[in-house]
S.K.: 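The structure follows.
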Number of protein chains: 2
Amino acid sequence: MIFEEFKHLAMISMEEICHEIFMENQASIKIKKEAVAVKNLANIFNTALNLSNEKGFQSMSLRDLSRTSGLSMGALYSYFTSKEELLEMIQNQGRRLTRKVLTRQIDVNAEPDEMLRTAIRTHLYLTEIMQKWFYFSYMETKNLDKAQQEKSIESELETEQVFIDILDAGIRKRLFHVENPILTASVIKSMLQDWYVKRWKYARRQITVDEYAEFVIGFIESAVTDKSN
Amino acid sequence: MIFEEFKHLAMISMEEICHEIFMENQASIKIKKEAVAVKNLANIFNTALNLSNEKGFQSMSLRDLSRTSGLSMGALYSYFTSKEELLEMIQNQGRRLTRKVLTRQIDVNAEPDEMLRTAIRTHLYLTEIMQKWFYFSYMETKNLDKAQQEKSIESELETEQVFIDILDAGIRKRLFHVENPILTASVIKSMLQDWYVKRWKYARRQITVDEYAEFVIGFIESAVTDKSN
DNA sequence: GTCTATAGTGCGATAGAC
DNA sequence: GTCTATCGCACTATAGAC
């Protein structure tokens with residue numbers, strides 16, 4: 001699968017997510033008509049992500065959000081009860097989407113080397129589509145309360161575990177030679193994160209997500225492949 | 001060189017830096033006695049870094065800074081003319097220290113494989129000592145004005161260039177087999193950044209900077225070493 | 001050189017009209 | 001369901017006593 005194919009597939013997930021946001025936050029959302037609520041929520045989230053990616057969530061005032069989204073202050077507060085809650089809503093959805101797409105895409109019956117390639121591609125493609133969401137999540141974790149921060153940490157370790165499991169499977173089948181699967185998974189993750197954190201760098205160099213995926217796969221494979229075979 | 005040796009060496013640089021901060025910002029610093037100014041500046045910077053690393057620079061109010069540092073609001077404003085200037089002062093010093101230590105440590109006459117190891121270790125050791133400074137710099141770049149952001153980008157690319165040069169030298173001497181030196185340098189940098197960005201993860205797993213350095217060196221070497229030799 | 005007190009601004013949040 | 005108007009508060013920054 002290349003990026004263009006993945007793009008189509010993930011759009012379906014996006015629809016699901018917008019629906020879920022509405023359903024799950026009905027306690028905070030005063031608006032009852034789903035069509036109206038979903039449309040405005042999408043607007044609010046997109047605007048908040050754009051503004052936050054520019055200058056950070058704290059620096060974005062709700063007046064900024066109101067002006068840019070076209071919704072009044074009063075209208076905004078129909079969708080959340082505080083600025084902090086808006087932050088948590090956005091964070092939650094990012095985490096959920098990651099988990100959903102990553103576990104859906106990886107075929108557990110495949111061989112470890114194939115699984116590794118798929119996991120790398122899927123992760124990169126996902127963060128490419130949701131770049132702003134991931135960047136936001138990444139940068140704003142420290143502004144969350146303790147409980148939400150813990151969730152964020154769990155989510156990070158969960159993603160890392162996917163790679164640890166793949167590496168372990170590869171070691172057992174003697175496809176990989178890896179001395180420290182945990183640290184190896186950790187540095188793999190750092191390479192994947194670089195794609196959405198340092199977006200400007202890759203954009204400037206005109207590197208596409210498929211080119212980056214190919215490079216990372218090649219780099220990691222030449223580091224972990226068992227050369228005794 | 002291991003970390004403990006480096007630590008001692010870098011402390012000398014720290015002294016220099018504190019002195020430089022005072023000398024260079026005499027326009028903004030109203031205090032004339034150097035001993036007083038340097039002591040208070042060190043206090044302000046350290047406190048600001050601690051608070052910012054917890055909740056971000058924007059969320060840290062100057063009242064927080066005043067309370068935690070023990071200096072009054074008025075005293076704080078003797079050392080900078082605005083909160084934004086404080087941010088820039090901190091950013092500038094981080095960048096300067098990076099450049100100074102990295103170029104000082106790397107022996108350009110060494111063989112590329114040795115240079116690569118030294119560059120990785122030096123980078124990790126430096127960020128270990130100045131962890132809060134680097135984390136701060138990393139997270140707060142987007143809150144800077146355009147001109148300062150550009151400096152930050154230059155600094156990132158400059159560090160990356162150090163690795164590109166080493167890789168190129170290694171390719172010429174047939175020590176390394178690297179298809180894309182730019183992307184390779186880029187992922188090396190992402191692994192090094194992970195050490196100070198995800199500090200909590202490595203602390204939780206009780207991995208020392210020397211252990212991480214050894215791992216990263218091994219990982220990168222097995223990816224870039226020319227296997228035809 | 002450092003303090004306290006306060007001016008002035010812009011924020012998050014809400015009440016009530018439409 | 002959305003708007004405008006406004007409240008109370010916390011902030012940055014400064015002026016003037018010591």
Side-chain angles (χ1 to χ4, degrees), chain A residues 18 21-23 25-45 47-48 51-52 54-90 140 143-145, chain B residues 18 21-23 25-45 47-48 51-52 54-90 140 143-145:
Chain A
C18 284
I21 296 170
F22 175 68
M23 300 306 271
N25 294 282
Q26 285 202 323
S28 334
I29 298 173
K30 297 194 188 73
I31 281 57
K32 292 297 152 219
K33 278 198 209 162
E34 185 174 333
V36 178
V38 167
K39 178 179 139 285
N40 282 338
L41 274 175
N43 181 4
I44 292 170
F45 287 146
T47 311
L51 292 173
S52 298
E54 272 172 45
K55 50 182 176 177
F57 184 76
Q58 300 285 335
S59 305
M60 172 196 77
S61 71
L62 291 185
R63 284 174 166 80
D64 285 339
L65 185 58
S66 163
R67 211 176 310 117
T68 314
S69 68
L71 286 151
S72 69
M73 287 292 286
L76 289 181
Y77 273 91
S78 309
Y79 293 91
F80 47 80
T81 58
S82 71
K83 194 184 176 186
E84 201 190 334
E85 196 187 58
L86 172 61
L87 172 56
E88 288 183 11
M89 283 168 72
I90 298 177
E140 305 299 339
N143 298 317
L144 297 166
D145 63 42
Chain B
C18 284
I21 296 169
F22 174 68
M23 300 306 271
N25 294 281
Q26 285 200 325
S28 334
I29 298 172
K30 297 194 189 75
I31 281 56
K32 292 298 152 217
K33 279 198 210 161
E34 184 173 334
V36 178
V38 168
K39 179 179 138 285
N40 281 338
L41 274 174
N43 182 4
I44 292 170
F45 287 146
T47 311
L51 293 173
S52 298
E54 272 172 44
K55 50 181 175 177
F57 185 75
Q58 300 286 334
S59 305
M60 172 197 78
S61 70
L62 292 184
R63 282 173 162 80
D64 286 339
L65 186 58
S66 163
R67 210 177 310 118
T68 315
S69 69
L71 286 150
S72 69
M73 287 293 287
L76 288 181
Y77 273 92
S78 310
Y79 293 91
F80 48 79
T81 59
S82 72
K83 194 183 176 185
E84 202 190 332
E85 196 187 59
L86 172 61
L87 173 56
E88 288 183 12
M89 283 168 72
I90 298 178
E140 305 299 339
N143 297 317
L144 298 166
D145 63 42

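This structure is a prediction, so every number in the text was calculated from the model and none was measured. In what follows, chains carry the letters A, B, and so on, assigned in the order in which the sequence lines appear, proteins first and then strands, with residues in each chain numbered from 1.
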S.K.: What's the CG-P distance between B:L76 and C:dA5, to the nearest Å?
M.R.: 17 Å
S.K.: Closest approach to the side chain of B:I31, judged atom by atom: which nucleotide of C:dG12, D:dT14, C:dG1 is it?
M.R.: C:dG1
S.K.: Could you work out which one of C:dC3, D:dT2, C:dA13 sits closest to the side chain of A:V36?
M.R.: D:dT2
S.K.: Kindly compute the distance separating CG (B:L51) from OG1 (B:T68), expressed to the nearest 0.5 Å.
M.R.: 4.5 Å
S.K.: Please examine the side chains of A:N40 and A:L71, heavy atoms only from C-beta on, and report whether any two atoms are closer than 4.5 Å.
M.R.: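 Yes, their side chains come closer than 4.5 Å.
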S.K.: Using whole Å, what does the distance between atom P of nucleotide D:dT2 and atom NZ of A:K39 come to?
M.R.: 7 Å
S.K.: Can you tell me whether the side chain of A:R63 and the base of C:dG10 have a donor-acceptor pair closer than 3.5 Å?
M.R.: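 Not at all, since no donor on one side and acceptor on the other fall under 3.5 Å apart.
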S.K.: What is the distance from NZ of B:K30 to C1' of D:dT14, rounded to the nearest Å?
M.R.: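 After rounding, the reported distance stands at 9 Å.
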S.K.: C:dT14, OP1 or OP2 - any side-chain N/O from A:Y77 closer than 4.0 Å?
M.R.: no
S.K.: Could you check whether A:S61 gets within reach of a base, just the sugar-phosphate, or nothing at all, counting any heavy atom under 4.0 Å?
M.R.: sugar-phosphate
S.K.: Atom CD of B:E34 to atom P of C:dG1: distance rounded to whole Å?
M.R.: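 Interatomic distance, CD of B:E34 to P of C:dG1: 12 Å.
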S.K.: Which nucleotide in the list C:dG1, D:dA13, D:dC3 gets nearest to the side chain of B:K32?
M.R.: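 Closest nucleotide to the B:K32 side chain: C:dG1.
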S.K.: Quick one: A:R67 CZ to D:dC3 C1', roughly how many Å, whole number?
M.R.: 16 Å
S.K.: More 5' along DNA chain C: A:T81 or B:K33, using each one's nearest nucleotide?
M.R.: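 With A:T81 and B:K33 compared, the 5'-side residue is B:K33.
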S.K.: Find the distance B:Q58:CD to C:dG10:P and express it as a whole number of Å.
M.R.: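 Spelled out: CD on B:Q58 to P on C:dG10 is 15 Å.
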S.K.: We want to know whether A:E140 and A:S52 form a side-chain donor-acceptor pair, criterion being a heavy-atom distance below 3.5 angstrom.
M.R.: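 No, no side-chain donor-acceptor contact under 3.5 Å.
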S.K.: Roughly how far, to the nearest 0.5 Å, is the CG atom of A:L86 from the CD1 atom of A:I44?
M.R.: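 Going from the CD1 atom of A:I44 to the CG atom of A:L86 covers 7.5 Å.
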S.K.: Which nucleotide in the list D:dT2, D:dA13, D:dG1 gets nearest to the side chain of B:L62?
M.R.: D:dA13
S.K.: In whole Å, what is the span from the CG atom of A:D64 to the C1' atom of C:dC11?
M.R.: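 Value for this atom pair: 11 Å.
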S.K.: Looking only at heavy atoms, what is the nearest atom pair of B:F22 and B:V38, with distance?
M.R.: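 Closest approach of B:F22 to B:V38, heavy atoms only: CB-CG2, 4.1 Å.
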S.K.: Rounded off to whole Å, could you give me the CZ-to-P distance for the A:F80 and C:dG12 pair?
M.R.: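 So the CZ-P distance, A:F80 to C:dG12, works out to 10 Å.
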S.K.: Report which part of the nucleic acid B:Y79 touches: base, sugar-phosphate, or nothing (heavy-atom distance under 4.0 Å, all strands).
M.R.: sugar-phosphate
